[in-house]
Structure formats: structure tokens, C-alpha cells
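Note sheet for the following structure.
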2 protein chains.
Amino acid sequence: MKNADSFVAALHEWAEITMRRSMRNVMRHTKESGLSMSQMGTLFYLQRCGHSGVSGLGGHLGITNAAASQMLDRLVEQGLILRSEDPQDRRIKRLTLTEQGRQMIYQSLHAHQAWLEELSASLTPQEKEAFIPALRTLTEKAKQIK
Amino acid sequence: MKNADSFVAALHEWAEITMRRSMRNVMRHTKESGLSMSQMGTLFYLQRCGHSGVSGLGGHLGITNAAASQMLDRLVEQGLILRSEDPQDRRIKRLTLTEQGRQMIYQSLHAHQAWLEELSASLTPQEKEAFIPALRTLTEKAKQIK
DNA sequence: CTTTATAATTAACCCCGCTTAACTAATAAA
DNA sequence: TTTATTAGTTAAGCGGGGTTAATTATAAAG
């Protein structure tokens, strides 16, 4: 179990570094875009889950349906999401990203990422080649969780 | 340059995964703690830069000094940071984390981290052992950036 | 058909974060 | 010493994001 423990410890440290960077960058870009963190979180959630209802979104963000509904008003107004009726159950509003909304997410993920290039530049070619499998496997496995 | 490119690509993918996770987790924990994202960002900033003045904080967060000053009122009130005079230049207020503030950051980084254990569990012992050097080197190099 | 449950919205309200503008205090420059 | 600059706070006001409670509309159950 020694290896497993030190692996988890190393993973935690690496995750902590990337989380700090990520949060800073997302907060920056979110502010630059004139959105609130809840709004940006909504866009990310919708991209990941395909489409959702208002309650699903509220539950995900940990806010009431009322709050979610009001926030959606502004996102719709800005043309970032679409709020349409579910044809199966007309009580449900089907929330989907617009093309503009998808672009916003893309920019948010790729803005302020120069540090990744810097990190890459600080490694030797041998290290880079050796680390690629690790990164790919971790990413792939992480995608499958929950 | 092929390896370098695919390395950066793999790095980007990993960053994207952790960004999505951390955004949700940090927002959750921040809400649970009764703090705003700006307040949490302030704590993280102060931990990273040691100590800062009000203007420095405002500049970092992209808000006015007035806004920073008001937000600090609440953080001081909650016992998370200390606002003391700089003995060299008494116009400057020296902002530092309290022990409670440091604990808040620690909790924020480690709350909702079960997915890392899950991720670890989804790997074979051979993979874990093989990945440890990569994680350690990446962490160490990333710490030295900027 | 009537009743009940579910999904979402609306209204009234509060708090917070942010802005601008005016102000105080301390340092630097003339 | 007088003036200008810098750091920070205060005050007034706006708008957003959150809440609860009441309301509408649809679907499901009796």
C-alpha cells in the first residue's frame, strides 16, 4: 500500500497546483466576459450534461429553482443559452447552449493558459515524452468518474 | 516539435478536466463557507503572495480599491485576515492571513476531493508506480513558474 | 373528472459587491 | 514649508444573486 499512498499524495499535490491556476484563470476570464461565476458554472454544466431542466441546474449549482430561473433570464438575454419547451413534458424547459455559449466556454478554457506552455518549456524532451502516457491515462480515467 | 506539441495538448486536456472539477468544488465549498468568490480569491491571493496592500489586492482581483477595502471589512470581521499598518509607510495596510484563514484555504482545496481517490483506485499498481515521477516533476516545475 | 404532484416562473425582499466621488492621512517633491 | 502624490476609507447608489412564498401550467394518480 506504500505506492498507492505516495501516488495519492503526489496526485493531490499536482491537482492542487492545477486547481489554483485553473481557478484564477477562470475567475479572470469570467470577470472579463462580464459574467458571474454562477453563470459561467451554468455554461460548463450545460456543456457537460448536454441539456438539462431548470431544477437540474439549480440542484447542480446548489441554488433554488427560483434563483436559477432568474439567472437564466440574463443568460438567454445575452444569447448564450436557449430555453425551449420539452415536447414530451411541457412543464420542463430544455436548456441548451447556443453556438455563442459554446464559444464562451472554449475561450474560458483556453484563456490565460500560457503557464502550460511555460511548464512544457521547463521540461526536457525526454521528460515530455515520458510523461505523455501518464497525462493521457489520468485524463481518460478522470473523464469516466461520476 | 511533435512531442512538445502533443505534450502540451495532453497537458491542456488534463487542465481542462481539473478546471471543471475544481470550479464546481470550489464554488460549492465557498458557498458552504458563506464566502463570496472574491473573498475566497482574496484568501488564495494572500496565501500565495505572503502579504499585500489594498491596492495590490484590488489590482489582482480587477476591482477598485474602494471595493477591495469594503470586502476586507467583512473578511477581517470574520477573523480570516489581519489588516495592520506598515511600519515603514503608514499609508499602507499590510494584509495577512490569520490561522483561521489558512485553514479555510486548506479546507477549500481538500473538500470534495474524493474524485482523486476514485481516480487513484481506477489505476493499476503498475500505473501508479510509473506515474509518480511524472507527477512529482510536474508539480515541482509548476511551482517555479512566475 | 377531480385531486395531487411536479416544473417553472413571478414578486417582494435582503445582502453583497461594485462603482464613482468626496475625504483623510502620510509621504515625496517643489 | 507648501504642494502634489499616493494609500486607503467612507458614503450613496446601482444592479445582481440569493431567499421564501405564492402562482401558473402541465402531467399523473385517485
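For the numbers below, each heavy atom of this structure counts, side chains included, while hydrogens, waters and symmetry mates do not.
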Give a yes/no answer on whether the side chain of [X] brings an N or O atom under 4.0 Å of OP1 or OP2 in [N].
X	N	result
A:Lys31	C:dC18	yes
A:Gln39	D:dG17	yes
B:Ser55	D:dG8	yes
A:Arg74	D:dG17	yes
A:Ser38	D:dG18	yes
A:Gln88	D:dT26	no
A:Lys93	C:dT9	yes
B:Thr64	C:dT19	yes

Q) Do you know which two heavy atoms are closest between A:Val54 and A:Ala68, and how far apart they sit? A) CG1-CB, 4.0 Å

Q | From B:Leu80 atom CG to B:Gln100 atom CD, the distance as rounded to the nearest 0.5 Å | A | 5.0 Å

Could you please name the option among [options] that lies closest to any side-chain atom of [X]?
X	options	result
B:Arg91	C:dA7, C:dT27, C:dA12	C:dT27
B:Ser36	D:dA11, C:dG17, C:dT9	C:dG17
A:Ile92	D:dT19, D:dG8, C:dA7	C:dA7
A:Ala66	C:dT10, D:dA7, D:dT10	C:dT10

For [X] and [N], what is the distance between atoms [atom1] and [atom2] respectively, to the nearest whole Å?
X	N	atom1	atom2	value
A:Arg90	C:dT9	CZ	P	14 Å
B:Leu72	D:dA7	CG	P	16 Å
B:Leu35	D:dG18	CG	P	15 Å
B:Asn65	C:dA21	CG	C1'	14 Å
A:Met37	C:dG17	CE	P	14 Å
A:His60	C:dA7	NE2	P	18 Å
A:Glu77	C:dT9	CD	C1'	16 Å
B:Asp73	C:dC15	CG	C1'	15 Å

Q.
Between B:Thr42 and B:His60, is the side-chain contact (heavy atoms from CB on, under 4.5 Å) condition met? List the steps.
A. CA-CA 9 Å; B:Thr42 298; B:His60 175 79; over 6 Å; no

State plainly whether the residues [X] and [Y] are in salt-bridge range, i.e. N to O under 4.0 Å.
X	Y	answer
B:Glu16	A:Lys143	no
B:Arg102	B:Glu99	yes
B:Asp86	B:Arg91	no

Q | Sugar-phosphate, base or nothing in reach of B:Asp89, heavy atoms under 4.0 Å | A | sugar-phosphate

(Q) Both B:Ser52 and A:Pro87 contact DNA chain D. Which one's nearest nucleotide lies toward the 5' end? (A) B:Ser52

Q: With DNA chain D as reference, determine whether A:Glu85 or B:Arg83 sits nearer its 5' end, using the nearest nucleotide of each.
A: B:Arg83

Q: Confirm from the modelled atom types if B:Gln70 and C:dC18 form a donor-acceptor pair under 3.5 Å, side chain to base only.
A: yes

